[in-house]
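Below you'll find the structure, written out as C-alpha cells, and then a few comments.
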Amino acid sequence: MKIQVRYFASLREALGPGETVELPEVSTLGLLRDDLVARGGAYADVLARGRAVRCALNQVMSDEAAVVRDGAEVAFFPPVTGG
C-alpha cells in the first residue's frame with residue numbers, strides 16, 4: 001500500500017516536505033517510524049526512539065499503535081513549545 005508522509009518544522013528541514021512511502025498491507029504508525037529510522041542518516045537522527053516526535057494520521061493526532069491504511073496521510077512533527 002502507498003501512503004503520503006509529511007514532515008513539519010525541524011523534521012521538514014532535515015527530511016524535506018514529504019514523500020510517498022510503500023508499506024506492507026498491515027502496518028501501524030510505529031512500524032512506519034521504525035522503517036523510516038532504518039534508512040539511517042537524517043531519518044535515524046530525527047525520528048529515533050527517544051526523540052520527541054508527534055504523529056498525526058489523516059490529520060488526527062494518533063499514537064504509534066494506530067493502523068495505517070492505503071491512501072492515508074501521515075504527518076510527523078516535533079512537539080510545539082510556546083512562551
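As the structure is a prediction and not an experimental result, all values here were calculated from the model. What's counted below: heavy atoms across the whole structure, side chains too, no hydrogens, waters or symmetry copies.
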**Q.** Linked hydrophobic residues, Phe8 as query - side chain contacts closer than 4.5 Å
**A.**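 Grouped by the 4.5 Å side-chain rule, Met61, Phe77 form the rest of the cluster around Phe8.
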
Q) Which other residues end up in the same hydrophobic cluster as Tyr43, if Ile, Leu, Val, Met, Phe, Trp and Tyr are linked when side-chain heavy atoms come under 4.5 Å apart? A)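 Answer for Tyr43: Met1, Ile3, Val5, Tyr7, Leu11, Leu15, Val21, Leu23, Leu29, Leu32, Leu36, Val37, Val46, Leu47, Val53, Leu57, Val68, Val74, Phe76.
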
**Q.** salt bridge (charged side-chain N to carboxylate O under 4.0 Å, His left out) pairs, two or more places apart, involving residues 4-21
**A.**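 Listed by first then second residue: Arg6-Glu73, Glu19-Arg39.
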
Q. Which atom names give the shortest non-hydrogen contact between Ala14 and Ala42, and what distance separates them?
A.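 In this case the closest contact between Ala14 and Ala42 is O-CB, 3.9 Å.
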
Q. Nearest heavy-atom pair of Ala52 and Pro79: which atoms, and what distance?
A.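 Scanning both residues, the minimum pair turns out to be O-CD, 3.3 Å.
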
Q. side-chain hydrogen bond (donor to acceptor under 3.5 Å, both in side chains): which pairs involve residues 23-33, sequence neighbours left out?
A.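 For residues 23-33, and leaving out neighbouring residues, the side-chain hydrogen bond (donor to acceptor under 3.5 Å, both in side chains) pairs sorted by first residue read Arg33-Glu64.
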
Q) What residues, two or more places apart in sequence or in another chain, satisfy salt bridge (charged side-chain N to carboxylate O under 4.0 Å, His left out) together with Asp34? A)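 Once residues adjacent in sequence are excluded, the partners of Asp34 under the salt bridge (charged side-chain N to carboxylate O under 4.0 Å, His left out) criterion are Arg49.
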
